[in-house]
Amino acid sequence: MWASCCTHRHHCHPLVHHLPFFPTHHEPPHFFLFHCVYSSFPRHHHAAAAAAAPLHSAAPAVGSNNHLIQSLCRQGNLKQALRLLAKEPNPTQRTFEALILSCARRRGDDAPSLGVAVHRRLVDDGFDQDPFLSTKLIDMYSEFGAVADARQVFEETCDKTIFVWNALLRALAVADEGEEAFPLLRKMVAAGTLPDSFTYSCMLKACVGMSSHLALAPTRIRELHAHALRHGFVPRVHVATTLLDVYAKIGDIAYARNMFDDMPNKNVVSWSAMIGCYARNERAFDGLRLFQEMLLVPAENAPNAVTMVSTLQACASLAALEQGRMLHGYLLRRRLDVILPVTNALIAMYAKCGRLEAGRRVFAGAGGRRDVVSWNSLISGYGMHGHGEDAVCTFEDMIAAGVRPTAITFVALLGACSHAGLVHAAQQFFVSMGRDHAVVPRAEHYACMVDLLGRAGRLEDAAAVVEGMRIEPGPTVWGALLGACRIHGAVELAERACKRLFELEPSNAGNYVLLADVYAGAGMWGEVGRVKKLMEARELQKLPGCSWVEVRRRMYAFTAAEEAAPLAEQLLALLCKLVAEMKEEGYVPDTRFVLYDLGQEEKERILLGHSEKLALAFGLINSGAGEVIRITKNLRLCEDCHSVTKFVSKFANREILVRDVNRFHHFRDGRCSCGDYW
DNA sequence: GTAGGGTTAG
């Protein structure tokens, strides 16, 4: 995650990587810099709402219903439009277009059948060979996920214009049948139709939309890229942006950035694609930096709702609360806060930055605009803060409000139950999801149940869930079981889970570390060594622990202290002093999972250098008495750090909020909100 | 008459 900040390693203190949001050296204090940049935000408002679709100029016969049908379609009154259609002897091409678009846009179970009805009528009226309408029909069927129907329309259209070809290519890409697009492209060229820039965009998207042949994607993308270069399509901003995005989606972030830097005519979409790429690839810091750069470009490229969603995600993943609040201010000024995906990303951002209450207020402010994603965001927010009962109540409110839950709702809900230890409730929801809500349990849901039962100490029940699964247990499920084994020191079961995990995801270092933890906890040092050797042989490295803390609008990141450094010494000295006092109060260092066969004292020394403790000590020294210390960690919080933080919250009389990779821990007065159950 | 970036979980 910190690859970006570490590019500054040579300029920074070896242990404290400053994480300013604008990491130039010799920079002014951040407070001023923020102000300076934020006050220079473009003040103009974008052409807020797109102009209404122009009225079609085709002139139907006087007295016909065509205009009225088209108008009803635009208003979304499809049923009424269809009733009029039945009475209309001469529907025009424009009328059918309006009807098809209206069906495609319609949200509701009846949309496909209405679409088929329109299609039938169109055939009856002799429009089945109209390539314009074929294109629209292909798009419509694609929207319904009915690729076979889209293909049939395509096959039956004799006059295959480039629009018709592109529509089917697009449909295949969207339907994750991208591999089918390649033979189709060859057929198209053989039939004498040359690809245009739309074709390139569709084909490139098809490369990432072929999950079964994803390994082929990089080669295919490079081939298309070369082809597009030879034919002069890369300077087109749409093609270049698609290239940027697909390189990002196959994980080639450096190349995506190359594309971005080489684009002479970047627009909002190009900027958003690049920021989004960083936000989703653990380069949130670079994403925020790019956003700041974007604010300095000409106003016609000012950030829009899509840009803001990605930027909010970047803030959320860093837990950069102050930055997030400034983004919120910017959204309000630009009136972007009323756009639902932005609202939803804002709810999630506040929850992930530790301000659940602010997220809840945003949710409340959304009133009637809420959708299922807003509810999911709030439920998961309650979950990650350990408020299981609030999550359950929110779910019930959602059902009462008539919002249909999705698979994600249940991931969030079951996760919330897991964090709060609500075993019985979770079991009931698990049964009810399929029975009452028609949501088929997926691997993630089983993983939640395994995790939940495992944490509750019901390891055998957790294993039974895995055995009884109706689908093949994937790495998430086995991983959850392995996590449970670590908590309960179940060596044999851990070995069984790892046997599968090492086959399923041989390069995931985390699994090896968990297994080593289990062995270390059981004192099986020979086995610990064996796991370490296996990791070495496979060239895997444990993801280094990293914690960061925001102090006075600036981020400070810490990795584990392994070598003497002036600041680390200062922090370690403070920790030593605290630990000595804590020991008198009954603190016993938890050295079970130190993966070195060392003496007690050396193990304790290693524990003391954990990144979270350094961040904690730094926060204690550098913040005022009443301030909450907010720490974020890239891994799960270790048992010893957890118990030390509890002590410190009491000793120093401070509230400490720690976000680990799974959830929040709210420490106050010697206790943690997780109830030692995480 | 087509298109490129996005919301929640893991």
Side-chain angles (χ1 to χ4, degrees), chain A residues 53-54 56 93-94 97 100-101 130-136 138-139 142 161-171 173 196-205 236-246 248-249 256 259-260 263 266-277 279-280 303-313 316 339-349 351-352 359 363 366 370-381 383-384 405-416 442-445 447-448 451 474-477 479-480 661-662:
Chain A
H56 297 300
Q93 187 200 46
R94 292 297 188 205
E97 182 200 14
I100 295 168
L101 291 178
D130 180 336
F132 175 86
L133 290 179
S134 295
T135 306
K136 305 291 171 197
I138 293 170
D139 282 340
S142 163
T161 63
I162 183 77
F163 296 97
V164 177
W165 287 100
N166 286 344
L168 187 60
L169 290 172
R170 191 165 51 243
D196 64 3
S197 66
F198 294 83
T199 316
Y200 282 99
S201 292
C202 295
M203 290 306 300
L204 285 164
K205 282 165 80 82
R236 307 271 188 109
V237 69
H238 284 93
V239 176
T241 306
T242 315
L243 274 165
L244 184 170
D245 186 56
V246 294
K249 292 210 164 99
M259 287 297 311
F260 179 76
M263 286 171 72
K266 300 179 187 54
N267 62 18
V268 199
V269 182
S270 338
W271 282 92
S272 306
M274 196 63 230
I275 292 172
C277 160
R280 281 182 300 281
N304 64 14
V306 179
T307 326
M308 297 316 295
V309 165
S310 290
T311 311
L312 285 167
Q313 286 176 319
I339 295 168
L340 199 48
V342 176
T343 312
N344 294 339
L346 200 54
I347 297 169
M349 183 279 289
K352 288 182 183 171
F363 176 87
R370 291 171 200 144
D371 67 357
V372 65
V373 180
S374 330
W375 290 94
N376 290 352
S377 307
L378 189 64
I379 292 171
S380 98
M384 69 181 83
T406 62
I408 293 177
T409 313
F410 285 100
V411 175
L413 182 63
L414 296 174
R442 298 199 303 225
E444 299 95 308
H445 302 108
C448 283
D451 182 73
T476 48
V477 176
V661 73
N662 290 324

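For F363(A), the ring-ring contact (aromatic ring centres under 6.0 Å, His included) partners are W375(A), not counting sequence neighbours. Residues passing the side-chain contact (heavy atoms from CB on, under 4.5 Å) test with A167(A) are T135(A), I138(A), D139(A), R170(A), sequence neighbours excluded. Under the rule for a side-chain hydrogen bond (donor to acceptor under 3.5 Å, both in side chains), R280(A) has no partner lying at least two apart in sequence or in another chain. Partners of F260(A) under the ring-ring contact (aromatic ring centres under 6.0 Å, His included) rule, at least two apart in sequence or in another chain, are W271(A). With sequence neighbours excluded, the residues satisfying side-chain contact (heavy atoms from CB on, under 4.5 Å) with I162(A) are N166(A), M188(A), T193(A), D196(A), T199(A).
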Inset, instruction - Using a 4.0 Å heavy-atom cut-off, write out nucleotides 2-7 of chain B from 5' to 3' as B (base contacted by protein), S (sugar-phosphate only) or - (no contact). - result: BBBBBB

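Contacts of P405(A) with the nucleic acid, taken as non-hydrogen atoms under 4.0 Å apart, are absent. Among the protein residues, K352(A) comes within range of the sugar-phosphate backbone only, with heavy atoms under 4.0 Å from sugar or phosphate atoms but none that close to a base.
The distance from atom CG of D451(A) to atom P of dG10(B) is 10 Å, rounded to the nearest whole Å. One atom, CD1 of I379(A), and another, P of dG10(B), lie 12 Å apart when rounded to the nearest Å. The interatomic distance linking R370(A) (CZ) with dT8(B) (P) rounds to 18 Å, in whole Å.
A 4.5 Å side-chain heavy-atom check between T241(A) and D245(A) finds every atom pair outside the cut-off.
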